[in-house]
Amino acid sequence: MSKIIILAIESSCDDTSVAVIIDGEIKSNLISSQWIHAQYGGVVPEAASRQHVETIVSLSDQALKEAAISLQHLSAIAITRGPGLMGSLLVGISFAKSLSLCLNIPLIEVNHLHAHVLSLFIDQKPTLPLVCLTVSGGHTQLLLVSEKFKIELLGQTLDDAAGEAIDKTGKLLGLGYPAGPEMDKLAKSGVPKYKFPIAKVNDFNFSFSGLKTSVLYFLRDQLDSNKEFINENLPDLCASIQDNIVKSLLNKLESAAIAHNAISIGIAGGVSANSQLRKEISQLCTKYNWNCYIPKMSYCTDNAAMIAIAGYHKYLNAEFSDDHFLPLARYPII
Ligand code: KG4
Ligand code: ZN
């Protein structure tokens with residue numbers, strides 16, 4: 001039987017990524033991150049689209065080369081349909097549609113949030129049911145994966161994403177963008193001695209916008225009496241904010257996993273790089289005897305390998321798309 005070879009493309013935000021998957025095995029996964037946004041303190045959508053245009057063709061070439069595949073070997077093209085920035089998605093989708101038309105091979109649209117969850121199934125076979133916490137700059141979701149990859153949304157943030165909360169409070173502290181890695185590093189030498197409220201939200205949902213406001217008012221009051229307050233207490237401030245976010249994520253993860261009789265816990269998205277979160281999730285899994293799945297970093301942040309594995313499963317089920325679909329900034333359901 002001939003091999004199933006899929007070229008997968010991800011361009012939903014500020015990373016261009018292309019991967020090749022052969023019979024379910026990732027052969028290449030290249031990621032080009034856009035550093036241009038750091039100077040603006042956040043992603044500038046128009047700049048992101050332009051960078052995708054500049055990068056997408058050469059990155060696809062490299063990904064094919066690394067996998068030792070040429071265009072005529074491809075069985076299908078998998079592409080992120082959303083959620084994400086409209087302009088960025090449009091670049092990837094237009095490119096994928098052109099390739100599929102020129103090569104006369106099927107096109108497979110992928111939900112980016114499904115793909116984050118399926119990243120747990122690259123190189124590993126988690127036992128189900130599994131509860132996945134997807135935490136990034138744009139998403140914070142709790143998802144249940146039951147038999148046969150049925151994915152159900154259990155809860156999500158009602159306002160800011162966890163990574164967004166880190167980036168926004170990091171900005172108040174004068175950290176660069178994105179603030180996550182620096183906050184993580186500084187927090188290691190700090191003590192979480194400042195207590196900020198954890199939002200009380202129903203069910204398995206989250207809320208982080210109140211944290212940003214309480215940090216803002218707290219800093220304003222402290223700076224009134226001591227202009228050097230942030231400089232003198234930066235590690236403790238980072239440790240306190242990080243601890244608040246990690247605790248609120250873990251509280252909900254723990255209750256969702258108990259309520260749904262989970263056997264396994266997974267974590268995905270850029271915030272899953274956080275050392276405190278990784279450590280405390282492992283401890284939680286040990287406490288309840290849950291299997292713990294934390295993908296390697298290149299599969300945690302936005303990447304095309306996760307689009308490839310999602311595309312591969314859709315290919316096996318012959319779930320192909322016509323070439324008329326448009327990007328979706330938001331998916332109505334996950
Ligand atoms: O998944 P990702 O690369 O991009 C999307 O947002 O989709 O996630 C980026 C987010 C940013 O908010 C960044 O501050 C956060 O992940 N992040 C971290 C760490 N590394 C990245 N947050 C906490 N600790 C880290 N070590
Ligand atoms: Zn993402």
Side-chain angles (χ1 to χ4, degrees), residues 8-17 29 31-35 37-38 41-45 48 52 80-85 88-89 92 110-120 132-141 143 156-157 160-173 175-188 190 208 211-212 238-250 266-281 294-307 309-310 328-331 334:
I9 299 158
E10 154 64 35
S11 72
S12 64
C13 189
D14 58 345
D15 295 302
T16 321
S17 181
N29 177 42
I31 304 170
S32 167
S33 296
Q34 304 178 353
W35 301 114
H37 308 289
V43 178
V44 181
H52 287 304
T80 306
R81 182 174 182 190
L85 301 171
S88 293
L89 291 165
V110 172
N111 176 339
H112 180 92
L113 296 172
H114 264 163
H116 266 304
V117 179
L118 292 183
S119 70
L120 298 170
C132 177
L133 173 70
T134 304
V135 264
S136 71
H139 340 285
T140 301
Q141 295 193 322
L143 304 127
Q156 61 188 333
T157 182
D160 292 351
E164 194 177 354
I166 291 172
D167 295 336
K168 285 180 175 170
T169 49
K171 195 171 180 180
L172 297 174
L173 299 177
L175 307 185
Y177 175 86
E182 205 180 343
M183 188 178 284
D184 191 357
K185 201 167 153 210
L186 285 160
K188 286 192 176 118
F208 291 106
L211 172 66
K212 179 186 59 194
C238 288
S240 306
I241 294 169
Q242 183 177 284
D243 192 62
N244 177 290
I245 293 172
V246 169
K247 293 285 183 298
S248 78
L249 291 171
L250 289 182
I267 185 165
V271 180
S272 55
N274 185 267
S275 43
Q276 185 184 350
L277 184 62
R278 289 171 99 95
K279 188 171 136 211
E280 294 197 11
I281 278 198
I294 304 179
K296 63 179 181 184
M297 268 323 294
S298 55
Y299 295 158
C300 282
T301 53
D302 285 349
N303 68 88
M306 67 184 195
I307 307 302
I309 193 91
L328 285 176
R330 286 170 178 273
Y331 257 78
I334 121 103

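This is a predicted model, so every value here is computed, not measured. For this chain, numbers begin at 1 and follow the sequence in order. Just the heavy atoms: all of them, side chains too, but no hydrogens, waters or symmetry mates, feed the values below. Counting starts at 1 for both ligands and their atoms, in listed order.
The N, O or S atom of Asp302 with the smallest distance to the Zn ion (ligand 2) is OD1.
With a 4.0 Å heavy-atom cut-off, ligand 1 is reached by the backbone of Thr301 and by its side chain too.
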Candidate pair Asp167 and Lys171, rule salt bridge (Lys or Arg N to Asp or Glu O under 4.0 Å), full reasoning: CA-CA 6 Å; Asp167 295 336; Lys171 195 171 180 180; over 6 Å; no

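Here's the thing with Gly163: one of its N/O atoms is less than 3.5 angstrom from an N/O atom of ligand 1. Any N or O atom pair closer than 3.5 Å counts here, and Asp302 shares at least one such pair with ligand 1. Polar contact with ligand 1: present for Gly180 (N/O pair, distance under 3.5 Å).
Heavy-atom distances between Cys13 and ligand 1 stay at or above 4.0 Å for every pair.
Among the backbone and side-chain atoms of His112, an N/O/S atom is found under 2.8 Å from the Zn ion (ligand 2).
Judged as a ring pair (Phe, Tyr, Trp, His ring centres under 6.0 Å), and not counting sequence neighbours, His52 has no contacts. Under the side-chain hydrogen bond (donor to acceptor under 3.5 Å, both in side chains) criterion, Ser298 pairs with no residue, sequence neighbours left out.
Interface atoms of ligand 1 facing Asn274, defined by a heavy-atom separation under 4.0 Å, are 23 (C), 24 (N), 25 (C), 26 (N). Near Pro178, with a cut-off below 4.0 Å to any heavy atom, the atoms of ligand 1 are 13 (C), 14 (O).
Among Gly270, Ser12, Ser275, the residue whose heavy atom lies nearest to atom 20 (N) of ligand 1 is Gly270.
Heavy atoms only, all atoms of each residue included: Thr157 and Asp160 are closest at OG1-O, 2.5 Å.
Among all non-hydrogen protein atoms, the one lying nearest atom 11 (C) of ligand 1 is Asp167 OD2, 3.5 Å.
A salt bridge is defined here as a Lys NZ or Arg NE, NH1 or NH2 lying under 4.0 Å from an Asp or Glu carboxylate O, and Lys212 with Glu164 fails to meet this definition.
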